[in-house]
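Naming convention: chains lettered A, B, ... in sequence-line order (proteins, then strands); numbering from 1 in each chain.
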There are 2 protein chains.
Amino acid sequence: MVLPVKPASAHHVFRALSDPTRRAIFEELTRQGEQTVHALTSFAGVSQPAVSKHLTVLKRAKLVRHRRAGRETHYRAQPDALAPMVDWLRHYGVFWRDRFDKLEALLERME
Amino acid sequence: MVLPVKPASAHHVFRALSDPTRRAIFEELTRQGEQTVHALTSFAGVSQPAVSKHLTVLKRAKLVRHRRAGRETHYRAQPDALAPMVDWLRHYGVFWRDRFDKLEALLERME
DNA sequence: ACAAACCATAACCACACGGTTATGGTTTTG
DNA sequence: CAAAACCATAACCGTGTGGTTATGGTTTGT
């Protein structure tokens, strides 16, 4: 088995990423790594409870994991959880560009 | 220029695909090809106006195109419009699996 | 020990959203 | 030409959603 955890449903992932604030939080977590709720709050520009609720939705989609450390909770992104969305997209032959890019890069490295 | 039309915003695409009924309609259009609103209505299991509204949302995201033919309107999927979502996903190193698959296939064909 | 910091949950609110029925315009059919 | 089919839009409605403030529980700092 490759996946460490069973993925959430595709619906949860699509739903979680449909909101701009949640996408911003997820992007921030992947860029800057682990963050406390406090840090995410000052980043997101909404109240702390709003951030907590967004994190709950992202958690349900397994897009984030959390780690309690004393009074603060650290969240980090879990990009593997994007798999259901990627699998859904794979049906639409939408990655041919990626294939060309990879092949090109490979050939270049083979010289 | 490769793209025939300027893509809609990533937000519109994410938003449009967050609803299960709209995803089902989009999937149906890619599987079965062009469809009239009438056909899509009997497929979707909701009323005809509901389908029309869903198609409007998909249209805003440029995920479907329509063609008037007499009294009926034919809709067809436009998978190219998934590009903004794919581009967004590309930032998260989520296509490893695809890379491995491609490399594997290539090596196999090289023998 | 007490105050402050951090976070989650509850309670509430405005509004966006997905559904419905009603209506009307255009086009085909009888 | 009248009737029916097809579709889009309007009007409406219940509920979900994203935001807020209020509250309380832990944990840290003084």
- Item | Flag side-chain contact, heavy atom, 4.5 Å: A:Lys59 against A:His54 | no

- Query: For A:Thr73 and C:dC7, is the shortest distance between a side-chain N/O and OP1 or OP2 below 4.0 Å?
  - Reply: no

- Message: On the nucleotide C:dA8, are OP1 or OP2 found under 4.0 Å from the side-chain N or O atoms that A:Tyr75 carries?
- Response: yes

- Base, sugar-phosphate, or nothing: which does B:Glu72 touch, judged by heavy atoms less than 4.0 Å apart? sugar-phosphate

- How about A:Glu27 and B:Trp88: do any of their side-chain heavy atoms sit closer than 4.5 Å? yes

- Note on the structure: Heavy-atom nearest nucleotide on DNA chain D taken for A:Arg68 and for A:Ser47; more 5' hit belongs to A:Ser47

- Out of D:dA8, D:dT27, C:dA10, which nucleotide sits closest to the side chain of A:Pro49? C:dA10

- What is the distance from NE2 of A:His54 to C1' of D:dG19, rounded to the nearest Å? 8 Å

- Task: Among the candidates C:dT9, D:dG29, D:dT9, find the nucleotide nearest to the side-chain atoms of A:Arg71.
- Result: D:dG29

- Note on the structure: When rounded to whole Å, the CD to P distance for the pair B:Gln48 and D:dT9 reads 11 Å

- Message: Could you tell me if the side chain of B:Leu29 sits less than 4.5 Å from the side chain of B:Arg76, heavy atoms only?
- Response: no

- Query: Given side chains that start at C-beta, do those of B:Val86 and A:Leu89 come closer than 4.5 Å, heavy atoms only?
  - Reply: yes

- Message: Within this structure, what is the OG1-OH distance for the pair B:Thr73 and B:Tyr75, rounded to the nearest 0.5 Å?
- Response: 5.5 Å

- Item | B:Arg23 to A:Phe14, cation-pi by 6.0 Å centre distance and 45° axis angle | yes

- Whole angstrom is fine here: how far is it from NE2 in B:His66 over to C1' in C:dT26? 15 Å

- Looking at DNA chain C, which of residues 9-39 of chain A put a heavy atom within less than 4.0 Å of it? A:Thr36, A:Val37, A:His38

- Task: Find the distance B:Lys53:NZ to C:dA16:P and express it as a whole number of Å.
- Result: 13 Å

- Query: Could you state the CG-P distance from B:Leu55 to C:dG19, rounded to the nearest angstrom?
  - Reply: 12 Å

- Test item: B:Arg31 and A:His91 side chains (from C-beta on) under 4.5 Å apart, heavy atoms: no

- Atom CZ of A:Arg67 to atom C1' of C:dC7: distance rounded to whole Å? 15 Å

